[in-house]
Amino acid sequence: MIDDSSHCPHRARAEKNASPLPVTDGKFDFVHEDAYLPPGADRQDRKIFEKQQEQHFRAIHRKVLQDRWIFSPFLEKSIPKIAGGERIISLATIRDTLVQRRLYEYLYPIVDPLLSDACCAYRRGSGAHNAIKQIRNALDAGYVHVLDADIKSFFDRVDHETLLAIARDLPIDERALRLLQIYLTTPRVTSEDRRKADSAKPRTKYSREPRTLGIPQGGVISGMLANLLLASFDKEMQQGEDILVRYADDFLVCCQTEQAANDADVRAAHALDALGGLELHPDKTAVRDATDGVDFVGFRIGRGFTRVRSANLAKFKKGIREVIDTHKPKTDSNWDLRRLSRRLSYKIQGPIDEIRKHNLAKHPHHRSWIGFYRIVDDEKQIKNLDRWIREQISRYVWQQHHKKVTAKHMREAGLPSLYGTLWKARKPPESA
DNA sequence: GACCACAATAC
RNA sequence: UUUGUAUUGUGGUC
């Protein structure tokens with residue numbers, strides 16, 4: 001990612017040190033033109049930023065190369081977690097996001113080779129499906145005694161000095177190192193402070209609170225930093241026969257015996273403590289027999305089966321309910337059922353009409369929810385879900401039109417089945 | 001190759 | 001007035 005434009009006054013130094021920098025190429029790859037970008041603590045939104053984009057690029061470039069970049073405070077926002085509770089997310093300013101992206105591009109090729117195959121989150125070419133595949137292999141090979149563990153408030157409790165000590169051993173530019181340190185200690189604006197300042201007339205300045213612990217969730221480089229910190233932990237857990245699979249702070253150690261899993265528990269607690277006093281979550285960590293399944297990254301996986309995890313199933317049902325509950329009824333019941341089926345069809349199999357226009361046979365994989373869960377092999381679970389959806393529709397039609405509808409009516413109204421969609425998604429492509 | 005859209009996961 | 005980041009998957013366009 002080295003990109004020294006001719007107008008850079010520090011060209012020589014940048015070359016010598018392998019600059020982490022350049023924010024000068026004008027590449028502004030926010031997803032799409034009219035996407036709204038929330039203003040950060042500088043209250044600058046995308047429109048304002050773009051008016052003076054070139055000046056901003058130059059200023060950023062200069063300051064970073066001169067080792068003088070400071071991140072604005074991160075605004076905090078809470079979002080709900082899938083299993084309940086809330087999660088604090090940090091929002092950066094546009095300029096800071098650009099700097100973080102450059103830092104990310106610079107550090108990624110240095111950090112990634114240090115990671116183990118067991119580390120599946122925040123990495124190119126990996127992901128949830130890869131994690132599930134590894135666990136399936138382990139369970140199928142008889143490694144069914146698992147330590148199912150979660151690190152207590154992991155992101156919030158990362159110790160800065162421990163992480164920086166690891167970063168100092170990397171072959172990186174001094175400025176990148178200092179940027180990391182600045183990033184970690186960038187102050188926060190809590191959602192309460194933010195609300196107060198925004199509702200005051202005239203608006204007042206945000207009050208900032210120092211950060212002494214943890215990495216901001218929502219930062220571009222945070223996931224990578226988490227992996228960097230835990231790289232040594234992964235190595236430690238992979239000793240012996242045990243098979244580790246880690247996704248962010250959530251990990252399984254698959255063992256051949258219960259004793260080995262208990263040992264892994266002790267080793268994990270020890271290794272985490274050595275990494276700046278991290279702890280396992282006592283309630284979410286246990287040694288269990290995975291023959292009947294364990295929950296991991298959206299799936300429930302056991303010996304010989306993969307299902308949708310119940311919390312994720314509930315979330316999907318909630319989405320279906322929302323479509324039905326917000327549906328505006330029409331007086332003609334047949335027409336109404338047709339309209340509702342159309343909306344639900346999108347949830348179930350994605351915008352299939354668009355695909356059919358071209359060549360359906362060539363594109364057996366559909367997007368949408370079932371596309372992600374296409375590796376599920378418990379057909380009963382999917383059939384039950386189909387039945388559940390039909391029950392919801394049937395109840396809706398009864399309440400609105402006092403008519404009984406069967407599965408046949410729904411099929412004729414254009415409602416696809418999840419099972420059929422899954423079956424098609426798993427089928428290998430027909431010859432083109 | 002590039003760009004875009006929509007899903008899902010995790011934090 | 002505004003829910004962030006990374007990754008994966010699928011599809012589309014040139």
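Here is the naming used below: chain letters follow the sequence lines, and residue numbers restart at 1 for every chain. The shown structure was predicted, so the numbers you read here are calculated from the model rather than taken from an experiment. Just the heavy atoms: all of them, side chains too, but no hydrogens, waters or symmetry mates, feed the values below.
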Carefully, step by step, assess Asp193(A) and Arg208(A) under the rule side chain to side chain contact (heavy atoms under 4.5 Å, CB included). CA-CA 8 Å; Asp193(A) 285 346; Arg208(A) 48 180 70 187; over 6 Å; no
Just how far, in rounded Å, is [atom2] of [N] from [atom1] of [X]?
X         : N       : atom1 : atom2 : answer
Arg87(A)  : U5(C)   : CZ    : P     : 15 Å
Ile89(A)  : dA10(B) : CD1   : P     : 13 Å
Arg124(A) : U5(C)   : CZ    : P     : 16 Å
Arg374(A) : G9(C)   : CZ    : P     : 8 Å
Ile132(A) : G9(C)   : CD1   : C1'   : 14 Å
Asn130(A) : dA10(B) : CG    : C1'   : 14 Å
Leu115(A) : A6(C)   : CG    : P     : 17 Å
Ile79(A)  : dA10(B) : CD1   : P     : 12 Å

Which atom pairs, one a donor and one an acceptor, fall under 3.5 Å between side chains of residues 388-396 of chain A and the rest of the protein, sequence neighbours left out?
unit_1    : atom_1 : unit_2    : atom_2 : d
Gln392(A) : OE1    : Arg321(A) : NH1    : 2.4
Tyr396(A) : OH     : Asp336(A) : OD2    : 2.7

Tyr373(A), nearest nucleotide to its side chain (from dC11(B), U5(C), dT9(B)):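 From the listed options, dT9(B) comes nearest.
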When you get a sec, tell me which of dT9(B), U3(C), A6(C) is the closest nucleotide to the side chain of Ile82(A)?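 Selected nucleotide (nearest to the side chain): dT9(B).
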Can you list every pair that meets ring pair (Phe, Tyr, Trp, His ring centres under 6.0 Å) and has a residue in residues 213-234 of chain A, with sequence neighbours left out?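 Checked against ring pair (Phe, Tyr, Trp, His ring centres under 6.0 Å) - neighbours excluded - the pairs reaching residues 213-234 of chain A are Phe233(A)-Phe251(A).
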Checking side-chain contact (heavy atoms from CB on, under 4.5 Å) between Met224(A) and each of Leu228(A), Asn227(A), Ile221(A), which is the one that passes?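 Considering Leu228(A), Asn227(A), Ile221(A), a side-chain contact (heavy atoms from CB on, under 4.5 Å) with Met224(A) is found only for Ile221(A).
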So [X], base contact, sugar-phosphate only, or nothing? Heavy-atom distance under 4.0 Å.
X         : result
Ser90(A)  : sugar-phosphate
Asp249(A) : sugar-phosphate
Ser78(A)  : nothing
Phe155(A) : sugar-phosphate

For [N], take OP1 and OP2 only and decide whether either is under 4.0 Å from a side-chain N or O of [X].
X         : N       : answer
Lys77(A)  : U3(C)   : yes
Lys81(A)  : dA10(B) : no
Tyr108(A) : A6(C)   : no
Tyr104(A) : U7(C)   : yes
Arg123(A) : U7(C)   : no

Any side-chain donor-acceptor pair under 3.5 Å between Asp159(A) and Thr162(A)?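 The answer is yes; a qualifying pair exists.
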Partner residues of Tyr183(A) under the ring-ring contact (aromatic ring centres under 6.0 Å, His included) criterion, sequence neighbours left out: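 Tyr183(A): ring-ring contact (aromatic ring centres under 6.0 Å, His included) contacts with Phe71(A), Phe74(A).
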With sequence neighbours left out, write down each residue that passes ring-ring contact (aromatic ring centres under 6.0 Å, His included) with Phe155(A), or none if nothing qualifies.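 None.
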Under the salt bridge (Lys or Arg N to Asp or Glu O under 4.0 Å) definition, can you give me all pairs with a residue in residues 68-93 of chain A, not counting sequence neighbours?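 Every salt bridge (Lys or Arg N to Asp or Glu O under 4.0 Å) pair that includes a residue of residues 68-93 of chain A, provided the two are not neighbours, is Glu76(A)-Arg188(A).
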Which pairs with one or both residues in residues 114-130 of chain A pass salt bridge (Lys or Arg N to Asp or Glu O under 4.0 Å), sequence neighbours excluded?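 Qualifying pairs: Glu105(A)-Arg124(A), Asp112(A)-Arg123(A).
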I need the full list of side-chain hydrogen bond (donor to acceptor under 3.5 Å, both in side chains) pairs touching residues 293-309 of chain A, with sequence neighbours left out, sorted by first then second residue.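 As it turns out, the side-chain hydrogen bond (donor to acceptor under 3.5 Å, both in side chains) pairs with a partner in residues 293-309 of chain A, which skip direct neighbours, are Arg136(A)-Thr306(A), Asp295(A)-Arg300(A), Arg307(A)-Asp378(A), Arg309(A)-Asn312(A).
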Which parts of residues 291-314 of chain A get close to DNA chain B, meaning a heavy atom less than 4.0 angstrom away?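 Result for residues 291-314 of chain A: Val297(A), Gly298(A), Arg309(A), Asn312(A), sorted by number.
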Both atom distances under 3.5 Å, Watson-Crick or G-U wobble: I'd like the secondary structure of RNA chain C as a dot-bracket string, with | for pairs made across strands. ...|||||||||||
